[in-house]
Amino acid sequence: MPRPTHVTIDLDALAHNARITRRLTPGKRLMACVKADAYGHGAVPCAQTLAPLVDAFAVAHAEEAHNLRDAGISLPILVLEGPFDVADAKTIGDLALWTVVHSHHQLPWVIEHLPRENANVWLKLDTGMHRLGIQIDTLPAIWSQLLEAGFHDPVLMTHLAFAEQGSSELTRQQANQWREALASLPSPTPHTSALNSAAIIGDLPISGDWVRPGYMLYGGLSASVPTTELRPVMSLRSEVMAVRHVPQGDSVGYGGRWIAPRPSRIATVPVGYGDGYPRHAANGAPVWIEGHECPLVGRVSMDMVTVDITDHPNATIGSAVELWGKHIGIDRLAQAADTIGYTLMTQISSRPGRQWTGH
Ligand SMILES: *Cc1c(COP(=O)(O)O)cnc(C)c1O
């Protein structure tokens, strides 16, 4: 049998999470973020699954959108980073994509190459994240430039820096800036967009006609608010490949990071950072083996990890292992590895096979 390490993508769970997201955002238009290969889940199968359930897609750059158009995705696709040069703006126009304008220098390119259509230009405002977006004092002038150029329904957007902490001072300041900016525009009030997954789940009181979830669609953040019933879409699974007894006081793995506090039974599992398992996972990080949660022990290698199965005598060679998925929530593992679930999803390498189920 070949190496049993593989990633499963549950497209039914993805569709389920999209429906939950709809339920949490009544009356809003839903733009599903499928950038970075749908957070590592496969942009084409994910977009095909989501297409009947959402209003639009978002990707980071035009090439990502090109792949979706090639696969027959005809819904609007917003390019979040906007054009990088005038040729890129032409590509965006030719593919009938929507684009963000985050800086003044992109404006002439967009005016030259984008068709005059509703909602296809999204002007991004910097309300305090200080990464992308035009400054608030330049908004009225740029806004009228867009209108004069014939874009009669641009969307105004912003991005929150700390939505995970709903009540933070930073979010409060951004919300104030956002309100002031909207008030500075002539009526009618434009269509707007501000909320990502954490802001949706945190139910932040910030206005916007469009929501832009990514992470929650893939089942991230499910543990922070269990009542949302989000389901994990990605599972990383394998099987135990070897078992050994390690005497008390002996160490396991590179650098001898873990020392057996008692005579121990150690399972070796063929998954490592070369597959996308986080190298910084600490001793004690949870691994699901043969129906039990067991602690990772010793450093993560490129190809393998070692797990303490002393308390689970049924676990043996060939036992099923889940590294993350239904039993081991991705946010929990991320916490044990001093990272976030987003990096685990997007850093799955091409080595473990990917299988799509459902739909
Ligand atoms: C990626 C991204 C999102 C989605 O964020 P999640 O935290 O995954 O929901 C929303 N808006 C912008 C501008 C983004 O870049």
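The shown structure was predicted, so the numbers you read here are calculated from the model rather than taken from an experiment. Whatever order the structure lists ligands and atoms in, that order sets their numbers, starting from 1.
Within the listing of ligand 1, atoms 9 (O) sit less than 4.0 angstrom from a heavy atom of P213. Set against the non-hydrogen atoms of Y215, the atoms of ligand 1 under 4.0 Å away are 6 (P), 8 (O), 9 (O). Taking every non-hydrogen atom of S197 and a distance limit under 4.0 Å, the qualifying atoms of ligand 1 come out as 6 (P), 9 (O). Every atom of ligand 1 with a heavy atom of L80 under 4.0 Å away is listed here by number and element: 13 (C), 14 (C), 15 (O).
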Evaluate the criterion side chain to side chain donor-acceptor pair (under 3.5 Å) for residue pair S235 and T8; output intermediate values, then yes/no.
CA-CA 5 Å; S235 303; T8 314; 5.5 Å; no
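Between R22 and D55, at least one side-chain N (NZ, or NE/NH1/NH2) sits under 4.0 Å from a carboxylate O, which counts as a salt bridge. Using a 4.0 Å cut-off between a side-chain N of Lys or Arg and a carboxylate O of Asp or Glu, R29 and D209 do not qualify as a salt bridge. The residues R3 and D275 are annotated as salt-bridged, a charged nitrogen and a carboxylate oxygen being separated by less than 4.0 angstrom. Contact check on D338 versus R279 returns no salt bridge, with no Lys/Arg side-chain nitrogen under 4.0 Å from an Asp/Glu carboxylate oxygen. The residues R265 and D311 are annotated as not salt-bridged, no charged nitrogen and carboxylate oxygen being separated by less than 4.0 angstrom.
No part of M216 comes within 4.0 Å of ligand 1, judged by heavy-atom distances.
The protein heavy-atom contact nearest to atom 7 (O) of ligand 1 is Y342 OH, 2.5 Å. Among protein heavy atoms, the minimum distance from atom 13 (C) of ligand 1 is reached at H159 ND1, 3.7 Å. When only non-hydrogen protein atoms are considered, atom 3 (C) of ligand 1 lies nearest to C33 SG, 3.6 Å. Looking only at heavy atoms of the protein, atom 14 (C) of ligand 1 is closest to K35 NZ, 2.9 Å.
Among the atoms of Y39, some N or O lies under 3.5 angstrom from an N or O of ligand 1. At least one N or O atom of R212, backbone or side chain, sits closer than 3.5 Å to an N or O atom of ligand 1.
Partner E293 forms a side chain to side chain donor-acceptor pair (under 3.5 Å) with one of H312, H327, R332 and no other, that one being R332.
In this structure the side chain of F151 reaches within 4.5 angstrom of the side chain of V110, judged on heavy atoms.
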